[in-house]
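In what follows, a single structure is set out as structure tokens and then discussed.
Residue numbers begin at 1 in each chain, while the letters A, B, ... track the order of the sequences. Just so it is clear, the structure is predicted and the values come from calculations on it, not from any experiment.
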Protein chains: 2
Amino acid sequence: MKTLYHPKTEDIELANVLYALGDQTRLQIVKNMANRELSCSEVGLDKLKSTLSYHYKMLREAGIIRTRIEGTQRFMSLRRDDLNSRFPGFMDTILVSLTKTEELVTSEK
Amino acid sequence: MKTLYHPKTEDIELANVLYALGDQTRLQIVKNMANRELSCSEVGLDKLKSTLSYHYKMLREAGIIRTRIEGTQRFMSLRRDDLNSRFPGFMDTILVSLTKTEELVTSEK
DNA sequence: TCAATAGTTCAATATATATTGAACTATTGA
DNA sequence: TCAATAGTTCAATATATATTGAACTATTGA
């Protein structure tokens with residue numbers, strides 16, 4: 001069984017986290033993953049599997065998401081608690097801001 | 001008198017802010033600017049003026065800092081209140097995390 | 001008026017990044 | 001055993017980014 005690298009909570013670096021979040025595609029992934037674990041193909045972005053795989057890896061290596069292997073699938077979730085203990089409040093403020101944007105977009109329709 | 005572009009508070013985009021913060025040099029600038037207005041040359045980074053100028057522009061256009069012209073100097077400060085009203089708590093959590101890191105580094109010496 | 005000061009802009013450049021599609025790996029279930 | 005499924009890895013590529021140093025702009029103060 002293959003094991004995937006995940007940085008330890010105390011090794012998560014703010015600069016890396018900010019860098020990883022500073023991309024529209026990855027920000028969208030995080031947004032869609034805010035409330036539930038997703039498999040790679042459930043993320044709902046119109047990108048090639050190989051492109052998504054690249055972004056998942058960036059998010060995972062920055063310490064933002066955790067990937068769990070189950071059969072042929074991989075389930076990914078936000079490391080919300082880890083991020084919260086390392087950078088208190090940080091990810092929550094981002095998720096709130098992302099959610100607000102979504103509401104605005106929705107109400108514009 | 002030249003006027004510099006600054007996005008309006010409501011036009012500040014989280015993705016742009018995150019992108020701008022996802023660089024070591026710019027993160028350092030923000031850190032050093034956390035508590036007081038600085039002129040371009042006071043920022044204390046070992047970089048060429050033209051390099052710093054480039055990063056200041058990125059930070060300014062992302063809505064993170066405000067640049068005030070006074071004589072031949074330019075004074076820059078964090079748009080803390082604007083960022084706080086747009087993304088409540090976000091910048092504060094970053095500054096807290098940056099400050100903590102500084103303490104760790106200091107205590108290592 | 002003019003030199004000094006403070007910072008910006010520009011073109012050139014090396015490097016990093018995101019994307020693509022093909023080949024690959026690992027696991028399941030028949 | 002083997003085809004199907006789910007996702008990764010790889011090389012190639014186009015584009016974006018950070019850095020450099022020279023030329024430039026704007027302002028001050030003598």
Side-chain angles (χ1 to χ4, degrees), chain A residues 1-7 13 15-33 36-78, chain B residues 1-7 13 15-33 36-78:
Chain A
M1 164 100 67
K2 209 181 171 187
T3 350
L4 297 168
Y5 168 73
H6 290 86
E13 293 290 342
N16 295 340
V17 170
L18 288 169
Y19 178 80
L21 293 175
D23 172 272
Q24 278 293 165
T25 303
R26 291 192 290 269
L27 207 51
Q28 194 69 43
I29 291 172
V30 167
K31 186 170 160 181
N32 294 357
M33 211 172 276
R36 63 188 199 90
E37 195 183 46
L38 292 177
S39 71
C40 292
S41 48
E42 284 175 323
V43 80
L45 295 180
D46 188 26
K47 302 268 180 188
L48 286 178
K49 281 204 292 185
S50 54
T51 303
L52 290 175
S53 192
Y54 165 78
H55 290 298
Y56 295 144
K57 191 178 177 190
M58 295 223 66
L59 288 167
R60 177 169 50 76
E61 293 186 343
I64 297 172
I65 65 176
R66 184 173 298 286
T67 303
R68 181 173 70 78
I69 300 180
E70 191 183 304
T72 59
Q73 293 193 88
R74 287 166 189 227
F75 290 98
M76 293 162 314
S77 54
L78 263 193
Chain B
M1 163 101 66
K2 207 179 170 187
T3 351
L4 297 169
Y5 168 73
H6 290 87
E13 293 290 342
N16 295 339
V17 169
L18 288 169
Y19 178 79
L21 292 175
D23 172 273
Q24 278 292 165
T25 302
R26 292 193 289 270
L27 206 52
Q28 194 69 42
I29 291 173
V30 166
K31 186 170 159 181
N32 295 357
M33 209 170 276
R36 65 189 198 89
E37 195 184 46
L38 292 177
S39 72
C40 291
S41 49
E42 283 175 324
V43 80
L45 295 181
D46 188 26
K47 303 270 179 185
L48 287 179
K49 280 205 291 186
S50 54
T51 303
L52 290 175
S53 193
Y54 164 78
H55 289 299
Y56 295 143
K57 191 179 177 189
M58 294 220 69
L59 288 167
R60 179 169 48 75
E61 294 187 341
I64 297 171
I65 65 176
R66 184 172 298 285
T67 303
R68 180 172 70 80
I69 300 180
E70 191 183 305
T72 59
Q73 294 192 89
R74 287 167 189 225
F75 290 98
M76 292 161 315
S77 53
L78 261 193

Atom pair distance, as rounded to whole Å: [atom1] in [X] and [atom2] in [N]:
X	N	atom1	atom2	answer
Gln24(B)	dT19(D)	CD	P	11 Å
Gln28(B)	dA18(D)	CD	C1'	16 Å
Asp23(B)	dT17(D)	CG	P	11 Å
Glu61(A)	dT17(C)	CD	P	12 Å
Ile69(A)	dT5(D)	CD1	C1'	15 Å
Leu45(A)	dA18(C)	CG	P	14 Å
Asp46(B)	dT20(D)	CG	P	9 Å
Leu38(B)	dA6(C)	CG	C1'	15 Å

- Message: For Glu37(A), give me all partners under salt bridge (Lys or Arg N to Asp or Glu O under 4.0 Å), at least two apart in sequence or on another chain.
- Response: Arg68(A)
- CA sep, side-chain torsions, deciding dist, call: Arg26(A), Tyr19(A), side chain to side chain contact (heavy atoms under 4.5 Å, CB included): CA-CA 10 Å; Arg26(A) 291 192 290 269; Tyr19(A) 178 80; 4.1 Å; yes
- So, does Gln73(A) use its side chain to make a donor-acceptor pair with the main chain of Glu70(A) at under 3.5 Å? no
- Take Thr67(B) and His6(B), measure what side chain to side chain contact (heavy atoms under 4.5 Å, CB included) needs, and give me the verdict at the end. CA-CA 8 Å; Thr67(B) 303; His6(B) 290 87; 4.1 Å; yes
- Message: For dT17(D) and His55(B) - does any side-chain N or O of the residue sit under 4.0 Å from the phosphate oxygens OP1/OP2?
- Response: no
- Item | Base versus backbone protein contacts along nucleotides 7-14 of chain C [heavy-atom cut-off under 4.0 Å; B, S, -] | BBB-----
- Query: Where the side chain of Leu48(A) is defined as all heavy atoms beyond and including C-beta, which of dT19(D), dT19(C), dT20(C) is the nearest nucleotide?
  - Reply: dT20(C)
- Query: Using Watson-Crick and G-U wobble pairs with both distances under 3.5 Å, what is the 5'-to-3' dot-bracket string of DNA chain D, with [ ] for crossing pairs and | for pairs outside the strand?
  - Reply: ||||||||||||||||||||||||||||||
